[in-house]
Amino acid sequence: MAYDYEYLKKAVYDLTKIDLNAYKEKQMKRRIDTLIAKHHIKGYDKYIQVLKTDKERFEEFVNYLTINVSEFYRNPVQWDQLDKQIIPELIQKFGKNLKIWSAACSTGDEPYSLVMAFSKHIPLNQIKIYATDLDKQVIAKAKTGLYSAKSVASVPSDLKQKYFTKVGPSYQISNEIKARVEFKEHNLLKDTYQTGYHLIVCRNVLIYFTEEAKDAVFVKFQQSLAKGGILFIGSTEQIINYKEIGLERKNSFYYEKM
């Protein structure tokens, strides 16, 4: 039997329920081959055997597969627009009891940024962010809430002073911010989506997906939003067929459900 990439995709799905067909093949294959070479393992079949028997290697693989690059207030101009335009509009439309989802939330930088952004408009105890990711390791890191100076570089200085404590070279986010976020594992390609969201934030993740997978996720996001709800995407992403799927573009990064 030839243990090629097709074999690996099937074996990985059986083990993890991660569908590699939804990711750009050249990019993903290169990442996986690099990881296998790092451990001096010969061939996909032997690597799959390692994943089946070694919990540490298995978790490393899932963590490596789910590309985790995140920082607080990434692309600050877009967050400034959230603060000055989007949040006030959402409150005006739906009140202060908002249902918000940070999808593919990685190490928690984004959902915690959302709590801080909303805290300027809504009392902290009224804010609730649902945050999901495929990778339980990054969720564990998010719950710990310890970040590098680079991660928090774009946090507005007043919020950094109010909600972070310096711990050696790192920054620990406060428990009052952490308490406003509920983390759960979720697979964007496979799991069901809740409905009635007023804001969905999913940024700089779908760029790794195939066009078909990307389109399918955007349709599901549209279905998950309440009418008038907002989808906030990353600066490297765009929704070409937004009108066809029932969205209106407010600007390059914000789309409203019609």
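Between Pro88 and His121 there is a side-chain heavy-atom pair separated by less than 4.5 Å. With contacts defined as side-chain heavy-atom distances shorter than 4.5 Å, the pair Lys9/Asn21 qualifies. Looking only at side-chain heavy atoms (C-beta outward), Arg74 and Asp109 stay at 4.5 Å or farther from each other. Here the side chains of Ser235 and Gln78 are in contact, with some heavy-atom distance below 4.5 Å. Proximity of Ile139 to Thr107: side-chain heavy atoms (C-beta onward) are nowhere separated by under 4.5 Å. Residues Leu35 and Phe61 have side chains in contact (heavy-atom distance under 4.5 Å, counting atoms from C-beta outward). In this structure, the side chains of Leu146 and Tyr171 stay at 4.5 Å or more apart for every pair of heavy atoms. Counting heavy atoms from C-beta on, the side chains of Leu8 and Ile48 come closer than 4.5 Å.
By the 6.0 Å and 45° rule, Lys52 does not stack over the aromatic ring of Phe58.
Cluster membership check: Val181 shares its hydrophobic cluster with Leu90, using side-chain heavy-atom separations under 4.5 Å among Ile, Leu, Val, Met, Phe, Trp and Tyr. Cluster membership for Met116 and Leu82, using ILVMFWY side-chain heavy atoms within less than 4.5 angstrom, is shared. Taking hydrophobic clusters as Ile, Leu, Val, Met, Phe, Trp and Tyr residues chained together by side-chain heavy-atom distances below 4.5 Å, Val219 shares a cluster with Phe209. Under the 4.5 Å side-chain heavy-atom criterion for grouping Ile, Leu, Val, Met, Phe, Trp and Tyr, Val115 is connected to Leu159 within one hydrophobic cluster. Connection of Phe72 to Leu199 is established within a shared hydrophobic cluster, with ILVMFWY side chains joined at heavy-atom distances below 4.5 Å, either directly or through further cluster members.
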I would like to know whether His39 and Tyr47 meet ring pair (Phe, Tyr, Trp, His ring centres under 6.0 Å); could you show each step before the answer?
CA-CA 9 Å; His39 293 304; Tyr47 188 58; 7.2 Å; no
Under the side-chain contact (heavy atoms from CB on, under 4.5 Å) criterion, do Gln81 and Asn251 qualify, and how do the steps go?
CA-CA 10 Å; Gln81 185 166 13; Asn251 66 33; 2.6 Å; yes
Decide side chain to side chain donor-acceptor pair (under 3.5 Å) for Gln223 and Lys257; before the verdict, give the C-alpha distance in whole Å, the side-chain angles of both, and the deciding distance to 0.1 Å.
CA-CA 9 Å; Gln223 292 167 348; Lys257 178 170 178 172; over 6 Å; no
Could you walk me through whether Tyr44 and Tyr7 pass the ring pair (Phe, Tyr, Trp, His ring centres under 6.0 Å) check?
CA-CA 8 Å; Tyr44 291 143; Tyr7 160 81; 7.6 Å; no
Checking side chain to side chain donor-acceptor pair (under 3.5 Å) for the pair Gln126/Asn97: CA distance, chi angles, key distance, verdict?
CA-CA 7 Å; Gln126 286 183 246; Asn97 194 16; over 6 Å; no
Would Phe164 and Val155 count as a side-chain contact (heavy atoms from CB on, under 4.5 Å) here? Give the steps.
CA-CA 10 Å; Phe164 287 89; Val155 176; 4.1 Å; yes
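A salt bridge is absent between Arg30 and Glu25; no separation between the charged side-chain nitrogens and carboxylate oxygens falls under 4.0 Å. Contact check on Asp158 versus Lys162 returns no salt bridge, with no Lys/Arg side-chain nitrogen under 4.0 Å from an Asp/Glu carboxylate oxygen. With respect to the salt-bridge test (charged N to carboxylate O, under 4.0 angstrom), the residues Lys143 and Glu182 do not qualify. Ion pairing between Lys178 and Glu176 fails under the 4.0 Å rule for side-chain N and carboxylate O. Residues Arg203 and Glu237 are not paired through a salt bridge, judged by the lack of any N-O separation under 4.0 Å between the basic side chain and the carboxylate.
Residues Cys202 and Ala104 come closest through the heavy atom pair SG-CB, 4.5 Å. Residues Leu189 and Ala213 share a closest heavy-atom pair of CD2-CB, 3.9 Å. Pairing each heavy atom of Ala226 with each of His198, the nearest pair is CB-CD2, 4.1 Å. Closest non-hydrogen pair, Gln172 versus Thr144, comes out as NE2-O, 2.8 Å.
Within a 6.0 Å radius of NZ in Lys42, other residues, nucleotides and ligands contribute 12 heavy atoms or fewer. The number of heavy atoms from other shown groups lying within 6.0 Å of NZ (Lys214) is above 12. Annotation for Lys136: atom NZ does not count as buried by contact number, only 12 or fewer foreign heavy atoms lying within 6.0 Å. Other residues, nucleotides and ligands contribute over 12 non-hydrogen atoms within 6.0 Å of the NZ atom of Lys190.
For the ring pair (Phe, Tyr, Trp, His ring centres under 6.0 Å) with Tyr112, the qualifying choice from Tyr163, Phe183, Phe118 is Phe183, the only one to do so. Each of Phe94, Trp101, Phe221 was evaluated against Tyr197; a single residue qualifies, Trp101, per the ring pair (Phe, Tyr, Trp, His ring centres under 6.0 Å) test.
Side chains of Asn125 and Arg180: no donor on one and acceptor on the other come within 3.5 Å. In this model, a donor atom of one side chain and an acceptor atom of the other lie less than 3.5 Å apart for Thr236 and Asn204. Judged by distance alone, the side chains of Glu71 and Ser151 never bring a donor and an acceptor atom under 3.5 Å apart.
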